[in-house]
Each structure stands twice: as structure tokens, then as C-alpha cells.
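To start, the structure itself, in C-alpha cells.
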Amino acid sequence: MIEKDIYSSLTAPQLAAVQHVDGPLLMLAGPGSGKTRAVTHRIAHLIAQGIPPQQILALTFTNKAADEMRARLQLLAPHRPVWMGTFHRFCARLLRRYASLAGLQENYSIYDTDDSGKTLKRTLAEAEVDLTWTRPERIANAISWAKNELITPDRYQPKAGDPLGKVVSEVYPAYQQALLASNAVDFDDLLLHVAVMLRENPELRSTLDERYRYIMVDEYQDTNFAQYAIVRALSIDYPNLAVTGDPDQSIYGWRGASLRNILDFEKDFDNVAVVRLEQNYRSTKAILRVAHELISHNTQRKEKDLFTDNPEGEPVALVEYPTHRDEAAQIAHQIAHDITHKGLRPRDVAVFYRVNALSRTVEQAMVEAGVPFQIVNGHAFYQRKEIKDVLAYLQLLNNPQDDGALLRVINTPPRGIGKTTLNHLAEHARRHGLTRLEAARECGLIESIKARSRTAIKKFVELIDRLISQAAEPVEAILGHVLTESGYQDALKGSPLEEDQERLANIEELLTAAREFDAQHEGGLEAYLEQASLVADTDAFETEVDKVTLMTLHAAKGLEFAHVYLIALEEGLLPHERSRDSPSGMEEERRLLFVGITRAQERLQISYAMNRNFRGTQWPTVPSSFLMELPRGELKRTESARPRYNEFSQEPEYAEEAWVEESIDYAEEHVDEYVQEDPEEQAEREKKPSQDRPKINLNSFLMTGADLLEQQKKRAENALRFKPGMLVEHAEHGLGVIVALSGGDRNRVATIEFEDEDKQRKFRLSHTDLTLAPKK
DNA sequence: ATTCGCAAAGTTTTT
DNA sequence: CTTTGCGAAT
């Protein structure tokens with residue numbers, strides 16, 4: 001009976017994948033090709049073949065993907081204990097069991113980026129590293145990169161003449177030492193420790209290889225070297241490794257993911273079975289053609305033949321808006337319209353953007369248009385101060401060695417244990433090889449600490465000891481003790497600030513989550529902390545709720561929506577500034593757009609604004625070069641619509657149907673407001689024959705990116721000439737005196753007091769034309 | 001020791 | 001614009 005469910009309604013290629021049992025398998029699965037389906041059905045097939053579920057391991061990239069897989073398998077093969085989860089979670093679990101092999105204890109803490117950043121900064125301060133030429137973030141990046149490449153601290157070799165590398169080679173071992181001393185790991189360590197453990201303990205390796213005989217890896221194109229090493233090590237005696245992925249959807253190169261892993265899979269294993277899932281069940285023909293045309297511009301790829309039996313559908317829309325506000329407002333309006341007049345469900349709509357910062361305007365527009373929406377945003381919840389504070393208490397109770405956690409909570413809420421006291425504690429701890437909590441225990445011995453601080457420390461240690469004695473209770477109860485006995489809750493309750501009341505509400509939410517955890521898990525504190533450290537808010541994305549979804553392109557991977565809006569297709573944003581100078585970076589940006597396009601089932605709108613607010617000021621934009629790569633004939637192009645402002649309202653109003661045709665020339669009429677071009681340059685440019693100009697004819701009257709950079713550079717150079725006290729002239733405000741200067745480079749700001757005005761004004765020099773006025 | 005205020009700085013994507 | 005960090009005042 002179940003058998004039939006597994007195999008019916010599968011296509012030939014899907015069936016081939018599902019029925020593959022032994023030996024390596026490579027599933028190249030295009031977007032919307034029923035990949036998850038094939039994977040879950042294959043697991044069901046394995047079980048049906050008599051393979052014990054405990055021997056099956058399914059590794060995913062996000063918890064969300066794992067949950068979905070679990071839910072689907074539940075329907076096919078109920079109550080079978082197949083382990084499914086993220087790489088990090090799998091490794092955390094292994095590391096619990098074999099902690100001593102990595103120099104840890106099983107109650108180790110997992111540091112998030114924030115925690116490990118602080119640990120690194122402490123290490124840097126202790127080692128008195130000169131930070132003139134680099135920033136801690138860059139060092140953290142370099143260490144993270146090394147860990148992903150499985151370069152342990154003792155093996156790190158900087159390139160000759162690489163100043164950052166030199167610093168890293170000093171700091172990396174010290175940082176790792178600090179983590180171990182706190183019995184803690186960072187995200188990268190979870191992978192690193194396990195990979196090294198497998199490399200150095202052949203017996204353990206073969207035990208686990210045997211234990212996990214059938215391994216599946218989802219999104220294999222996004223694995224990094226450490227992840228590769230782990231699955232490779234577990235697939236030697238039993239090379240039944242099935243990987244699924246799509247090289248065209250590899251979007252985590254910046255995080256060390258290597259396309260090599262999937263591209264070389266066939267060379268890496270013998271007798272690889274390859275299955276291609278190329279039929280798309282998600283999108284219309286029109287959408288798929290646009291996606292295909294775009295991705296064909298990548299050189300580093302395996303050609304793939306995407307096709308679909310779905311209807312042709314409406315053409316993909318490309319819309320230009322005057323400003324980011326218009327973009328957001330009109331999209332929100334359009335969605336509201338579709339909901340009220342066409343019966344569209346909010347949950348079937350999504351808005352995607354390249355960076356989280358872009359969500360704000362859309363958010364506001366949605367509120368104004370009365371459209372229900374949810375924002376899927378990184379790890380916003382668990383990143384909040386109050387949440388981190390409270391969790392740090394739990395972390396300290398679970399792992400008293402955890403210096404990071406101790407430093408976070410020892411004076412939160414304020415107990416009169418300040419910087420100097422902490423320095424004394426640290427000093428004592430270092431001299432005697434103690435953790436900070438141990439040092440605090442014997443603060444009576446530290447003469448440099450004043451009596452008053454000593455009492456405060458003693459009280460704190462008593463608090464922690466009391467809480468530790470209650471640490472075996474359910475998580476909700478422990479949280480309750482922490483909140484009341486630490487005084488954290490009272491401190492917030494007594495506060496008149498609205499912000500603090502919000503914090504209380506967040507803590508309330510945390511309590512609810514803890515209660516749910518208690519109900520579902522036997523686990524206790526340690527397990528709770530583990531899951532709290534390894535969740536992203538992306539996982540909390542609710543498909544059940546009837547709301548429009550706002551998220552980044554990265555978060556969108558693996559999802560699908562009937563209507564999709566892709567916004568801010570502008571140079572510098574998509575492709576992103578930081579990727580523009582490397583060809584591989586550009587290809588990854590292109591893939592990111594490909595992922596976005598292929599999320600859409602029925603309708604897709606791509607848009608850009610001609611002006612966008614960025615760091616406070618409005619800048620003219622340059623449409624994304626990717627737009628030139630889309631098939632022109634396929635697109636329904638719409639020029640900017642001009643909002644009408646009525647006399648009673650500040651809010652723009654849009655005509656229901658007419659806005660499409662309306663005001664095509666709005667931008668051209670207002671071109672002077674947006675384009676601030678150096679007159680000389682303008683003359684220069686206009687001398688050239690028009691063919692020589694860059695062919696961005698979507699709006700050729702705008703400056704090109706190169707022009708813009710050139711202008712900014714000139715102004716930046718010019719800015720160096722200004723000194724406080726100088727008399728300058730501004731086109732609008734007349735003569736004035738420079739009162740102050742601040743910031744550097746592009747952010748250099750001059751504060752000027754004008755003769756005819758009372759108040760002072762601030763100008764960003766890269767954005768303003770100021771001339772020196774002759775001294776009288 | 002704590003609090004407050006200002007200035008500078010920074011902004012990709014996530015486990 | 002927002003957040004973070006540092007320094008000065010209480």
C-alpha cells in the first residue's frame with residue numbers, strides 16, 4: 001500500500017533516482033524539478049528495501065529544509081527514525097559524544113558570530129595586536145576561511161608579505177586557545193573539529209562510516225571543503241552517497257562553498273550514477289525562458305535543458321520607478337489590489353531583495369497599503385540583546401567555564417562590577433590559569449579589588465551557584481529562576497521606556513518557546529541551548545500564515561510563490577558592489593538572480609528605481625547590467641508611473657489601471673533634480689558621438705556608473721582642500737564659513753554656517769559642490 | 001561605576 | 001539612516 005504511494009506519479013528520471021540504492025548518486029536537479037520529492041521518496045524506498053532507518057542520514061543546509069523533508073517522509077514512511085538535519089547540527093551531536101577527541105567537554109558552548117567576535121577582540125587586546133592596518137572583522141574572516149579549508153592553527157602559513165596573514169598566524173592559535181579554555185566552539189569549529197577528528201581517528205571514522213551507510217546531501221553545490229571532507233570520510237567503506245544540487249543555484253561562495261565539489265563529483269567517486277531532473281513543475285514557460293537566457297551568460301556551468309509542460313503564462317514584467325519609495329508604494333498597492341479584486345492570497349506573494357536593508361521601505365509601504373506581511377530576517381530574534389543576555393545565563397549554568405557568557409551577564413543588570421574590577425579578575429585568572437568564574441570564586445584573594453566590589457562579586461557567585469543547583473529542571477523553569485533571581489526581569493519591569501517593555505515581550509516569547517521545547521524534548525538545558533544556537537530566523541518562516549513574504553534572495557532558495565516581485569535591480573546592489581570586480585563573484589550574483597526568478601510560479605515582476613535612498617541621501621542609480629541579459633522581446637516593459645498627490649493627503653494615489661501608461665516622461669521632466677553632473681564633464685560627454693556612450697539605453701540620460709564614480713572621486717580629492725575656518729560658497733545658500741569637518745573619504749562632511757542663515761548646515765562633500773570663496 | 005551623549009563608522013548574503 | 005564605540009561628565 002505504501003509502496004504504491006512511493007512510486008506512482010513519478011517521472012522516469014525521478015524514478016531512476018528513487019530506485020537507486022547502492023553506490024554514489026549525483027542528482028542534478030534544476031529549480032522546481034521535484035528534487036525534495038525524489039529525495040524523500042528515495043528514503044522511503046530504501047526503508048522499503050529493508051535498510052534500517054538508523055543507517056540513513058540526510059544532511060541539509062537549513063533547518064527549514066530538514067523540517068520539510070521530515071514532514072514529507074512522515075507521510076510516506078511514518079515513524080521511522082531517519083536522522084535529518086543540518087550539517088552543523090549533525091556535527092554538534094557528534095562532537096557532544098566525542099568531545100574529548102577535540103579537547104572539549106560534552107557540555108561545550110556554541111558561540112555565534114557575535115560571541116566569537118567578542119572572544120576574538122579580547123584575544124586581540126590581550127595579545128596587544130596592532131590594529132592600525134586591519135580590522136577585527138577581517139581577521140575573523142580569515143580565520144573562518146582557514147577553518148573551512150581545514151587549516152588548523154598549527155598549520156596556518158601566511159603568504160609572504162601578507163600583513164593580514166601575519167597577524168592571523170599570531171592570533172588564530174591564541175583565539176582557538178581562548179575558545180578551548182572556555183570550553184566553547186564557533187560555528188566553523190563544529191565542522192572543523194569533526195572533520196579533523198575523522199581524519200585523525202581511523203577507527204572512529206570506520207565506525208561512523210558503517211553506522212551511516214546511506215548518506216544524502218541536499219544542496220551539494222553549497223558545501224564547503226570541511227563539509228565535503230566530512231561526508232567523504234563517511235563514504236569510503238560504504239560509498240552510498242547521494243548528493244543533489246544545481247550548480248546554477250550555488251550562492252554561498254562567499255562563505256567558502258565550492259562549486260568544485262559538485263562539478264567534480266563524478267571524478268571523485270567510481271561508478272557514479274547521474275540523474276538529471278530537468279523538467280520544471282513550478283513556473284510558466286515565459287518565466288523559465290527568462291531564467292534560462294540569464295543564466296546562459298555564465299561560463300562556469302554545466303549546460304542544462306530546462307523545460308516545462310506548464311502554460312505559457314503572462315510575460316515577465318520589467319518596471320522602472322522614479323524612486324525607491326514609488327517602487328515600494330506601487331508594488332504594495334498592486335498587491336493590495338490583487339488581493340481585494342482578484343482574490344489573490346497574501347501568502348502566495350513574495351518580494352525579494354539583495355540586502356536586508358532594502359526591506360524597510362517595502363515594509364512601510366505594506367503597512368500603508370494595509371497588506372499583511374512577514375519579514376524573514378537573518379537571525380533577528382536570537383540576536384536581540386535581551387535574548388542573548390538571558391541565554392548567556394543559561395550558557396553559563398550549563399558550562400561554567402564559559403568566559404564569554406560570564407562577561408555578558410556578570411554586570412547585567414548592573415551590580416557594581418565594572419571595568420576595573422573585571423580587569424583585575426581577568427589578570428588573576430590568567431596568572432593562575434583559571435576561568436573567570438573560578439577567579440571570581442576566590443576574589444577574596446585578589447587584593448587589588450576593593451571591598452565593595454568584592455561583596456558584589458560574592459553575591460554574583462552565590463547567584464550563579466544557586467541557579468546551577470536548579471539547572472536540572474525543565475528549561476522553562478530554569479529560565480524563570482534566571483529572570484527573577486538575577487533581577488533582570490525587575491530591572492525591565494521598573495523601566496518606563498517602551499523599548500524595555502518590548503524586551504519583556506520578547507522574553508515572554510522566549511519563555512513560550514522554551515515551554516514548547518520542554519513539551520517536545522527530553523533533552524534539558526544542553527539540548528535546548530544547542531538548538532537555540534543553531535536556529536536561523538529563516539527557519540521560523542511560516543508558510544501557514546496568510547501573509548506576503550519579504551526576504552532576501554538568499555533566504556528565498558528552495559521556496560516558491562505564485563507572484564514574485566524582485567526589486568532594486570541596480571548596479572551596486574545586484575550585482576552587489578563587492579562582487580563586481582571578480583568574474584566568479586559576478587557569476588554568483590547572476591545565479592542569485594536566477595534563483596530569484598525561478599521562485600515564481602505564475603507571475604514575475606522585476607523592477608528598479610531611478611533614485612534610491614542610501615545612507616540618508618538620495619542617489620541616482622544605474623540599472624543592473626543583468627537587465628541587458630534578459631531577452632528583450634520577452635519582457636513587458638513599463639516606464640515609471642508618476643504618483644498623483646491630492647491636496648488633502650501626503651500619500652501618493654495611483655489610478656487603478658491608468659498608472660501603467662501614465663507619466664512616462666516623469667523622469668525626464670525631473671531629470672535635473674536627480675542628475676547632478678559636473679558641467680565640464682557634461683560638456684565633455686556631449687561632445688562625443690552618441691555611439692561611444694555606454695549602451696545603457698534603458699535610460700541613457702542618466703550617468704553611467706563610471707561617470708558617477710569619476711565625479712565622486714573628483715569631489716573627494718577636492719574635499720581635501722577644505723579646512724575649518726575657510727570661507728566657501730554654496731550655489732543655494734551663498735557664502736558661509738566652515739565650522740567643522742568630520743568623516744573621511746566619501747563620508748567627509750562639512751558643517752557650514754552661512755551668512756544669511758541662523759542655523760548651521762551639514763553637507764556631504766562628495767555630494768555637494770562647494771567652491772572656495774576669496775578672502776576679503 | 002554608571003550613565004549619557006556624541007561621533008564615527010559601516011552596511012551581503014547565514015549556520 | 002542606523003548602530004556601535006568611545007570619552008566625558010556625574
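Naming: A, B, ... by sequence-line order, numbering from 1 per chain.
Per the geometry, CD belonging to A:Glu137 stands 17 Å off C1' belonging to B:dT14, to the nearest Å. The distance from atom NZ of A:Lys419 to atom C1' of B:dT3 is 13 Å, rounded to the nearest whole Å. In this entry the distance linking CD1 of A:Ile417 with P of B:dT3 reads 14 Å, nearest Å. Residue A:Arg255 contributes atom CZ, which lies 5 Å from atom C1' of B:dT15 at whole-angstrom precision. In this entry the distance linking CG of A:Leu593 with C1' of B:dT13 reads 15 Å, nearest Å. In this structure, A:Tyr111 atom OH and B:dT15 atom P are separated by 21 Å, rounded to whole Å. Going from atom CG of A:Asn148 over to atom C1' of B:dT14 covers 12 Å, rounded to whole Å. Distance, A:Ile143 CD1 to B:dT15 P: 22 Å, rounded to whole Å.
Judged by the 6.0 Å distance and 45° axis criteria, A:Arg590 is not positioned over the aromatic ring of A:Phe626.
A:Ser624 places a side-chain N or O within donor-acceptor distance of the main-chain N or O of A:Leu574, the cut-off being under 3.5 Å. Counting only distance, with no hydrogens or angles, the side chain of A:Arg96 and the backbone of A:Tyr108 share a donor-acceptor pair below 3.5 Å. Checking side-chain atoms of A:Asn423 against main-chain N and O of A:Thr420 turns up no donor-acceptor pair under 3.5 Å.
Within 4.0 Å of A:Asn411, counting heavy atoms only, lie sugar-phosphate atoms of the nucleic acid but no base atom. Residue A:Arg135 is in sugar-phosphate contact alone, with no base atom involved, counting any heavy-atom pair closer than 4.0 Å across all strands shown. Among the heavy atoms of the strands, none lies under 4.0 Å from A:Arg591. Across all strands shown, A:Ser533 has no heavy atoms under 4.0 Å from either base or sugar-phosphate atoms.
For A:Tyr220, the ring pair (Phe, Tyr, Trp, His ring centres under 6.0 Å) test picks out A:Phe265, with sequence neighbours left out.
Position along DNA chain B of the nearest nucleotide to A:Ile251 versus A:Thr421 favours A:Thr421 as the more 5'-ward residue. Where A:Gly418 and A:Ala357 each meet DNA chain B at their nearest nucleotide, the meeting point lying more 5' is that of A:Gly418.
Residue A:Pro414 has its side chain nearest to B:dT3 when only B:dT3, B:dT13, B:dT15 are considered. With B:dT15, B:dT14, B:dA1 as the candidates, the nucleotide lying closest to the side chain of A:Phe187 is B:dT15. Taking every side-chain heavy atom of A:His554 into account, B:dT13 is the closest of B:dA1, B:dT15, B:dT13.
Between A:Asn613 and C:dC1 there is no side-chain polar atom (N or O) within less than 4.0 angstrom of OP1 or OP2. A:Thr552 has a side-chain polar atom (N or O) that falls below the 4.0 Å cut-off from OP1 or OP2 of B:dT14. Within the structure, a side-chain polar atom (N or O) of A:Lys121 is placed less than 4.0 Å from OP1 or OP2 of C:dG5. The side chain of A:Thr113 contributes no N or O atom lying less than 4.0 Å from OP1 or OP2 of B:dT14. Not one side-chain nitrogen or oxygen of A:Thr62 sits closer than 4.0 Å to the OP1 or OP2 atom of B:dT15.
Between A:Phe90 and A:Tyr212, a ring centre-to-centre spacing shorter than 6.0 Å is recorded. For A:Phe61 and A:Tyr252, the ring centers are positioned less than 6.0 Å apart.
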Pairing pattern in dot-bracket form [Watson-Crick, G-U; both distances under 3.5 Å; | = partner strand] for DNA chain C: ||||||||||
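We find that the ring of A:Tyr252 and the base of B:dT13 do not stack by the test of centres under 5.5 angstrom and planes tilted less than 30°.
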Criterion side chain to side chain contact (heavy atoms under 4.5 Å, CB included) on A:Arg255 and A:Asp222, from CA distance to verdict: CA-CA 9 Å; A:Arg255 208 170 105 180; A:Asp222 283 326; over 6 Å; no
